[in-house]
Amino acid sequence: MNLAQPTSPPAGGAELGQIAIAGLMFFVVFLPLAVFVLRERAGKRTAAGRLADWAAGLSGLPRWAALPMFLAGLSGLSALIGVYWDVPIHMELGRDEGPLANPSHYPIYFGLMGIFASGVLSAGLAKGKLPARTFPLGPHWRVPMGSVQMMATGLVGVAGFPLDDVWHRLFGQDVTEWGPTHVLMIGGGIGVVIGLQLLLAEARQVGASGPLVRLLGPLLAGAWMMGASAFLMEFDLGVPQFPMLAQVVLVGLIGGWTLLYGRLAWGPGGTLIVLAVFLVTRALFAIIPAVDDLHVASLLPYVAEAVVIEVVALLAGRAGAHRLALLAGIGAGTVGMLGEWAFSQWLMPNPWPAAHLPLFLGFGVFASIAGCLIGAWQYQQAESIAAPEGPEPRTPERRVRHVAGLAGALGAVALMAVVVVPQDPPAGLTAEVALSESTTGLPVSAPHGGGEPRWVHATVTISDPALASDALWLNGFSWQGGDFFSKPLEQVGEGVYRTAEPLPVYGAWKSGFRLHTPNRMLALAPVYAPDDPAANAPAIEAVSGPRPFMSEIEFLQRERKSETPAVLWTVAYVVVGLIFGGMWVLFGWLYTAGAGVRPTRARSTV
């Protein structure tokens with residue numbers, strides 16, 4: 001593979017021709033879908049309608065759930081296969097020539113379109129016996145609440161593509177998984193699982209039953225774990241651009257939420273089903289990167305948390321969901337996080353340091369409790385929606401449920417707000433670098449960018465030894481030159497360190513020293529970077545001497561446009577934040593509305 005060229009690739013938006021082609025692909029998918037919806041709503045027989053009826057008979061689900069679930073599942077797998085392929089490409093080869101020049105973008109794009117299409121398909125098939133509480137799309141068209149959630153999240157994911165191009169034009173490239181518009185695409189794509197869980201509850205309300213219907217409870221919880229864990233990919237690959245505490249909090253939130261939901265939905269052994277879905281799909285996502293000779297993402301397996309939640313649920317007996325959520329969260333955040341710490345020593349490119357374990361456990365407990373409270377609330381809402389016997393009474397227990405769920409959601413938001421934003425290095429923090437030539441280099445999987453190969457070792461003296469001695473990581477780091485290397489520096493004296501393996505300082509490589517401390521400081525002392533005219537980034541020559549530590553984002557995202565007005569950055573972040581936040585508000589409202597007071601009979605339409 002050779003996506004990057006010796007010349008500097010574009011650092012802004014895509015060429016208009018590529019945008020036109022992407023738009024054409026969108027219409028090729030959605031014009032036939034629009035024709036299907038019009039014919040289906042007019043009462044005419046369609047091939048998709050017949051396929052939906054066949055899937056309904058096979059699965060025990062209604063037609064508006066069976067086929068859309070299958071399509072959403074395949075589309076979600078396609079999108080995630082693309083994501084797990086895309087991030088290593090950018091790690092090793094840098095930015096693209098354009099969106100259509102990167103093969104990983106195709107499964108992502110078509111996967112996101114398929115996810116949106118599955119929601120539209122569900123709405124178009126919404127005839128016959130429907131849930132008692134539906135959403136009106138017109139005077140004579142009502143659809144399940146799950147269909148609305150699927151369409152909304154799918155639309156957010158698809159909209160992320162054109163918004164991404166606008167973002168690049170305004171602010172330059174941001175080669176990070178957690179770029180704002182990238183979060184929209186990934187979050188919208190994986191958020192469809194919440195819609196599928198709601199759709200399953202509505203299907204049960206109208207009489208869906210059978211082994212597959214029951215098994216879908218923990219299977220969908222596993223799909224939610226699989227999708228949400230994509231946000232951990234940069235940590236799994238060894239190139240995180242956010243503090244390590246963000247990884248700890250995400251592991252606690254995702255594990256608590258999905259594992260408890262699966263345990264409540266299935267009973268004993270439910271956590272194991274959730275875990276099996278996650279582990280099998282992660283093996284699937286590793287195939288293309290491995291075949292393409294790219295880095296393969298490792299993983300924290302959630303095994304310890306699964307065992308703890310399973311044991312706590314067995315010991316708690318008939319404890320209520322809220323009490324179980326608190327007990328499971330405490331157990332998963334302590335014993336479970338200790339297990340994840342142990343796994344990190346074996347599996348993570350940047351293991352969790354033992355010296356900071358109390359900090360990780362503190363945040364892990366609160367994150368796990370928040371995740372378990374959200375999972376318990378979602379499960380209770382789903383069960384209320386699925387109940388066929390009539391309206392749910394407004395009991396004190398129901399009010400407690402909502403309070404607990406709100407506490408979990410607010411706790412998750414607060415924790416992420418605290419741990420995600422990195423701190424800049426203090427003024428005057430420097431690294432005195434002494435370079436020496438290395439006679440040998442490391443194997444490079446896909447060399448590109450030209451240049452005479454040059455590899456160097458470095459002795460590094462940190463101006464503040466205390467910061468380095470307390471670091472979460474202090475690594476020699478090189479990327480985007482055809483491979484990716486990251487290795488902890490070896491201490492040879494107080495504040496003095498030496499590279500454990502040589503650094504490449506030629507061609508398209510970008511090399512430096514990464515320093516991350518517990519106060520969320522992410523700093524980098526650059527050693528080498530090429531001249532990048534398209535990004536207006538000058539060359540950094542590999543010579544001995546003092547190097548000031550800079551904010552990591554200044555080096556890792558050299559393509560960002562520094563001249564863009566601050567007010568435009570603010571407006572853009574607010575807009576993206578409102579879209580992403582609105583998706584989660586819709587999730588809460590749809591589940592609450594679906595579980596609210598309703599008539600004793602399900603609605604029937606023709």
Nearest 0.5 Å, please: how far is [atom2] in [Y] from [atom1] in [X]?
X: Leu250; Y: Phe363; atom1: CG; atom2: CZ; value: 13.0 Å
X: Met416; Y: Leu245; atom1: CE; atom2: CG; value: 10.5 Å
X: Leu74; Y: Ile115; atom1: CG; atom2: CD1; value: 11.0 Å
X: Met225; Y: Leu220; atom1: CE; atom2: CG; value: 13.5 Å
X: Leu442; Y: Asp483; atom1: CG; atom2: CG; value: 8.5 Å
X: Gln423; Y: Arg520; atom1: CD; atom2: CZ; value: 4.5 Å

So Thr281 and Leu80, side chain to side chain contact (heavy atoms under 4.5 Å, CB included) or not? Walk me through it. CA-CA 9 Å; Thr281 52; Leu80 284 172; over 6 Å; no

What heavy-atom pair brings [X] and [Y] nearest, and what distance separates the two atoms?
X: Thr517; Y: Leu467; value: CG2-O, 3.7 Å
X: Pro351; Y: Ser344; value: CB-O, 3.6 Å
X: Pro530; Y: Gly507; value: CB-O, 3.2 Å
X: Ile108; Y: Ala79; value: CG1-O, 3.6 Å
X: His356; Y: Ala471; value: NE2-O, 4.2 Å
X: Glu432; Y: Pro546; value: OE1-CB, 3.5 Å

Evaluate the ring-ring contact (aromatic ring centres under 6.0 Å, His included) criterion for residues Trp341 and Phe360: first the C-alpha distance (whole Å), next the side-chain angles of each, then the deciding distance (0.1 Å), finally the verdict. CA-CA 9 Å; Trp341 167 80; Phe360 300 150; 9.4 Å; no

With no hydrogens and no angle check, is any side-chain donor or acceptor of [X] less than 3.5 Å from a backbone partner on [Y]?
X: Ser78; Y: Pro107; value: yes
X: Lys561; Y: Arg169; value: yes
X: Gln557; Y: Glu559; value: no
X: Ser463; Y: Leu429; value: no
X: His182; Y: Thr176; value: yes
X: His516; Y: Leu474; value: no
X: Ser298; Y: Leu347; value: yes
X: Ser511; Y: Val505; value: no
X: Glu305; Y: Leu259; value: no

So does Asp532 pair up with Arg95, basic N to acidic O under 4.0 Å? yes

Go through the steps for Leu294 and Glu92 under the test side chain to side chain contact (heavy atoms under 4.5 Å, CB included), then give the verdict. CA-CA 8 Å; Leu294 295 164; Glu92 299 189 20; 3.6 Å; yes

Arg514 meets the salt bridge (Lys or Arg N to Asp or Glu O under 4.0 Å) criterion, sequence neighbours left out, with Glu552

Start with the C-alpha distance between Glu501 and Ser478, add both sets of side-chain angles, then the distance that settles side chain to side chain contact (heavy atoms under 4.5 Å, CB included), and finish with yes or no. CA-CA 11 Å; Glu501 59 186 23; Ser478 303; over 6 Å; no

Side chain to side chain contact (heavy atoms under 4.5 Å, CB included) between Phe513 and Val527, worked out: CA-CA 8 Å; Phe513 307 110; Val527 171; 3.3 Å; yes

Apply side-chain hydrogen bond (donor to acceptor under 3.5 Å, both in side chains) to residues Trp352 and Glu340 and explain how you reach the verdict. CA-CA 9 Å; Trp352 298 359; Glu340 300 303 337; over 6 Å; no

Is there a side-chain contact between Ile287 and Ile81 (heavy atoms, below 4.5 Å)? no

Compare all side-chain heavy atoms of Trp473 with those of Leu522 and state whether any distance is below 4.5 angstrom. yes

Whether the His457 and Thr499 side chains hold a donor-acceptor pair (N or O, under 3.5 Å, no angle test) is what I'd like checked. yes

Do we see a donor-acceptor contact under 3.5 Å between the side chains of Ser229 and Tyr302? yes

Should we count CG of Asn536 as having more than 12 external heavy atoms under 6.0 Å? no

Kindly check if the number of other-residue, nucleotide or ligand heavy atoms within 6.0 Å of CD (Glu494) is above 12? no

Check against ring-ring contact (aromatic ring centres under 6.0 Å, His included), Phe30 and Phe116: CA-CA 10 Å; Phe30 283 100; Phe116 177 52; 5.3 Å; yes

When you look at Trp167 and Tyr573, which way does the ring-ring contact (aromatic ring centres under 6.0 Å, His included) test go after all the steps? CA-CA 10 Å; Trp167 192 277; Tyr573 272 108; 5.4 Å; yes

Determine the interplanar angle of the Trp479 and Phe477 rings, folded into 0 to 90°, and report it as parallel if under 30°, tilted if 30 to 60°, perpendicular if over 60°. tilted

Hey, which of Phe484, Tyr528, Phe485 is the one that makes ring pair (Phe, Tyr, Trp, His ring centres under 6.0 Å) with Trp509? Phe485

